Amino acid sequence: MTDAGSSCSEVSSSDFISEFIKEDLASGRFSYVHTRFPPEPNGWLHIGHCKAFYIDFIMAERFGGKCNLRFDDTNPEKEDISYVEAIKRDIKWMGYDWEDREYYASDYYEYLYDLAVKIIKKGNAYVDDLTDEETREYRGTAVADKNNITITPPGRNSPYRDRPIEENLDLFARMRAGEYPDGAKTLRAKIDMAHPNLVMRDPVMYRIRREHHYRTGNSWCIYPMYDFQHPLSDAKEGITHSLCSLEYEIHRPLYEWFIREAEVFPSRQIEFARLNLSYTVMSKRWLLKLVQDKYVSGWDDPRMPTIAGLRRRGYTPQAIRNFVSQIGISKTDSMVDIAFLEYCLREDLNKRALRIMAVLRPLKLIIENYPQEKSELLEAVNNPEDESAGKRSVPFSRELWIEREDFEETPPPKYFRLFPGNAVRLRYAYIITCTGFDKDENGNITAVRCIYDPETKSGSAGGSVAGGTAGSSVADSSKKVKGTIHWVSAESAVPIEVRLYDYLFSAERPMDSVDCQGNRGSFIDNLNPNSLEVIANAWGEPAIANASPEQSFQFERLGYFVRDIGSEKPVFNRTVGLRDTWGKIVKKG
């Protein structure tokens, strides 16, 4: 890993994967630890993959081993080099480095073919002529008996199951040579059509597909199935521990069968619970639908749970690693509250993000007793959590922009911001008292008027504004004010665009799309119609003009924002609000 990566202490030493590895090392089953992260390049990585490769890299680091990056690219219909590049970019951004250990299952095609031939020669694989539909029918399905207990009645043997070995060898070679059309034949493992685990009922090893492969071109017309290539690719690389998500537990007997029949390195498969996050869909298939059907702007849309989307949203690698570390590793699937992910993000951004003032929905504030020709620079703290961040100068003038919600003509109870006759403090500046407001012909408030007390300057023991008098009518400097509001100088503020992102889905479990009559719908039905609001006419301090892409800020009183990637004008995406729902939950607990 790079310096930005996690230390091995980030995962508890009591997690069950570590215990398995310790036992394997102690028993002599393995003398070293070698893991791998094996994505299929058919989409961009999401935060669920973060948990997977985090575990792969961390376990290798903890036990002084290595971790490979291998692309399991044996499905040419859906794979592309652009996905390969996106996956590598995202893993590196997260702080991990596989050095020179980058591999591709497509580079093993000849090796895999030879192992298939070996298994045929042992009499444990055969060429089948059944169609896909017939294969499923012969295999059978799980059913419920009269006591509602799931059982798996035996399947039926294919009529081609007992072909002689020499005939199977000849047919398999002719499959490779392209003599048969797509789908005409498959190579299947000969295991047990009565096995209670449906996965073990003569699974397909190879199918015929005339598809252009992004690496091998048209040199192959047969492609290995995942369950066949994955364990044998692990074995070829000397992988000791094949760490994968819980849905592969049922495939483990087949993983071990192929290793045993091929007589190769005995890699061990260990499963852990995948990450499920509320208000989120965690499947590349469904994320691809969102992209293709233009429900989002792309894989890196800031509402997407992809690593690239989280990056544009303003998430940091450290925040994501802290989140994955703290949810731990278990054998039981569960739903993680997205509020906890946001909590980890706030914890990180609070320490690193510079503070700045910005006004999203501007309302003009006129300080009537402040000299028109006057302006001054006030001192503001860049980050109270980081003294080394220093301070900055903020221009102050007679006319300011404030948030429209910070003024009410007729305030509700317990409203401590501006209203006629009330006083508030301007952040880093002075106490002001509202004296009136202006309206247009439609009754809309266009400006708020006030006076300021020059003796109440923040960080000052007193004194008037340099270069001019304050005027005869000022706010009572001895009074205590309950409200503080932020502002920017109308004279020197920088125009910015702000994008307010919310959850992409309005349902906590988007895939559970059932209406009140029990009709199952689509997860698309749960899309949040208010997941994005664009504010084109916001204002920020002058310092914001120099923000670099991906630089994070805390817009005071508003939340955390990040300068968007790739836009010429200053565009800021809302990362997360300041309210810490998870923190409140923890305190109550």
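These numbers come from a predicted model, not from an experiment.
Nearest heavy atoms, Asn383 versus Ala353: ND2-O, 3.0 Å. The heavy-atom pair separating Leu246 from Ala273 by the smallest distance is CB-CA, 4.2 Å. Here the shortest heavy-atom pairing between Met282 and Gly48 reads CE-N, 3.3 Å. Minimum heavy-atom separation, Ala423 to Ile431: CB-CG2, 4.1 Å. For Cys344 against Gln326, the heavy-atom pair with the smallest separation is SG-NE2, 4.1 Å. Of all non-hydrogen atoms in Asn530 and Asp502, the two that sit nearest each other are O-CB, 3.9 Å.
Across Phe419, Trp401, Phe437, a single residue satisfies ring pair (Phe, Tyr, Trp, His ring centres under 6.0 Å) together with Phe407, and that is Phe437. Checked options Leu527, Asp301, Leu532; the residue passing with Val296 is Asp301 (criterion: side-chain contact (heavy atoms from CB on, under 4.5 Å)). Glu550 pairs in a side-chain hydrogen bond (donor to acceptor under 3.5 Å, both in side chains) with only one of the listed residues (Arg563, Arg312, Arg311), which is Arg311. The residue from Tyr560, Phe555, Phe561 that alone fulfils the ring pair (Phe, Tyr, Trp, His ring centres under 6.0 Å) condition with Phe572 is Phe555.
There is no side-chain donor-acceptor pair under 3.5 Å between Asn573 and Arg313. Inspection of the His486 and Arg557 side chains reveals an N or O donor paired with an N or O acceptor under 3.5 Å. Counted by atom type alone, Arg425 and Thr456 present zero donor-acceptor pairs between their side chains at under 3.5 Å. In this model, a donor atom of one side chain and an acceptor atom of the other lie less than 3.5 Å apart for Ser397 and Ser489. A donor-acceptor pair shorter than 3.5 Å cannot be found between the side chains of Asn382 and Lys391. In this model, a donor atom of one side chain and an acceptor atom of the other lie less than 3.5 Å apart for Glu247 and Ser245. A donor-acceptor pair shorter than 3.5 Å can be found between the side chains of Tyr428 and Glu556. Counting only N and O atoms by type, the side chains of Thr446 and Asp438 include no donor and acceptor under 3.5 Å apart. Side-chain N/O atoms of Arg427 and Thr484 include no donor and acceptor closer than 3.5 Å. A donor and an acceptor atom, one from each side chain of Glu376 and Tyr370, are located under 3.5 Å apart. Checked by atom type, the side-chain pair Glu408/Tyr415 shows no donor-acceptor distance below 3.5 Å.
Look at Glu368 and Arg398 and you find no salt bridge, because none of the NZ, NE, NH1 or NH2 atoms lies under 4.0 Å from a carboxylate O. Remark: Glu497 engages Arg499 in a salt bridge, criterion side-chain N to carboxylate O under 4.0 Å. Ion pairing between Arg404 and Asp406 fails under the 4.0 Å rule for side-chain N and carboxylate O. Of the charged side-chain nitrogens involved, none lies within less than 4.0 Å of a carboxylate oxygen, so that Glu403 and Arg361 do not count as a salt-bridged pair. Lys351 and Glu385 are not joined by a salt bridge, as no carboxylate oxygen comes within less than 4.0 angstrom of a charged side-chain nitrogen.
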Trace of the salt bridge (Lys or Arg N to Asp or Glu O under 4.0 Å) decision for Glu541 with Arg392
CA-CA 11 Å; Glu541 287 182 32; Arg392 69 187 185 283; 2.8 Å; yes

Show the numbers, then the answer: is there a side-chain contact (heavy atoms from CB on, under 4.5 Å) between Ile327 and Phe340?
CA-CA 9 Å; Ile327 62 175; Phe340 183 57; 3.8 Å; yes

side-chain contact (heavy atoms from CB on, under 4.5 Å) assessment of Ile496 paired with Ile544
CA-CA 9 Å; Ile496 60 175; Ile544 210 170; 4.1 Å; yes

Check against side-chain hydrogen bond (donor to acceptor under 3.5 Å, both in side chains), Thr435 and Arg449:
CA-CA 6 Å; Thr435 57; Arg449 296 183 176 276; over 6 Å; no

When you look at Ile535 and Leu500, which way does the side-chain contact (heavy atoms from CB on, under 4.5 Å) test go after all the steps?
CA-CA 8 Å; Ile535 300 175; Leu500 302 179; 3.7 Å; yes

Evaluate the salt bridge (Lys or Arg N to Asp or Glu O under 4.0 Å) criterion for residues Glu409 and Lys439: first the C-alpha distance (whole Å), next the side-chain angles of each, then the deciding distance (0.1 Å), finally the verdict.
CA-CA 11 Å; Glu409 180 180 357; Lys439 287 186 175 182; 3.1 Å; yes

Evaluate Asn322 against Gln318 for side-chain hydrogen bond (donor to acceptor under 3.5 Å, both in side chains), listing each step before the verdict.
CA-CA 6 Å; Asn322 288 345; Gln318 187 61 52; 2.7 Å; yes

Let's go through Val488 and Val494 carefully: what are the C-alpha distance in whole Å and the side-chain angles of both, what is the deciding distance for side-chain contact (heavy atoms from CB on, under 4.5 Å) to 0.1 Å, and is it a yes or a no?
CA-CA 9 Å; Val488 293; Val494 175; over 6 Å; no

Take Ser18 and Asp15 through the test side-chain hydrogen bond (donor to acceptor under 3.5 Å, both in side chains) and record every step on the way to the result.
CA-CA 6 Å; Ser18 289; Asp15 71 79; 3.1 Å; yes

Could you give me the CA-CA distance, side-chain angles and deciding distance for Asp348 and Arg346, then say whether salt bridge (Lys or Arg N to Asp or Glu O under 4.0 Å) is met?
CA-CA 5 Å; Asp348 186 54; Arg346 289 188 188 94; over 6 Å; no

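The local environment of NZ in Lys88 is crowded, with over 12 non-hydrogen atoms from other residues, nucleotides or ligands closer than 6.0 Å. Within 6.0 Å of CG in Asp333 there are more than 12 heavy atoms belonging to other residues, nucleotides or ligands. Heavy atoms from other residues, nucleotides or ligands lying under 6.0 Å from CD of Glu102 number more than 12. The environment of NZ in Lys331 is crowded: more than 12 heavy-atom neighbours from other residues, nucleotides or ligands sit within 6.0 Å.
Annotation: Tyr214 is not in aromatic contact with Tyr83 [ring centroid separation under 6.0 Å not met]. The aromatic ring centres of Tyr279 and Phe505 sit 6.0 Å or more apart. Taking the six-membered ring for Trp and the full ring otherwise, the centers of Phe37 and Phe57 sit at least 6.0 Å from each other.
Rounded to the nearest 0.5 angstrom, Glu85 CD and Ser82 OG are separated by 8.5 Å. In this structure, OG1 in Thr306 is found 8.0 Å from CH2 in Trp299, a value given to the nearest 0.5 Å. Rounding to the nearest 0.5 angstrom, the gap separating the CG atom in Leu310 from the CE atom in Met94 is 9.0 Å. Note that CD1 of Ile367 is 9.5 Å distant from CD of Glu399, once rounded to the nearest 0.5 Å. Note that the NZ atom of Lys482 and the NZ atom of Lys414 stand 9.5 Å from one another [nearest 0.5 Å]. Annotation: the span from Met304 atom CE to Leu287 atom CG amounts to 4.5 Å, rounded to 0.5 Å.
Taking the side chain as every heavy atom from C-beta outward, Thr433 and Cys450 never approach each other to under 4.5 Å.
Between the Asn526 side chain and the Pro510 main chain, a donor and an acceptor come within less than 3.5 Å of each other.
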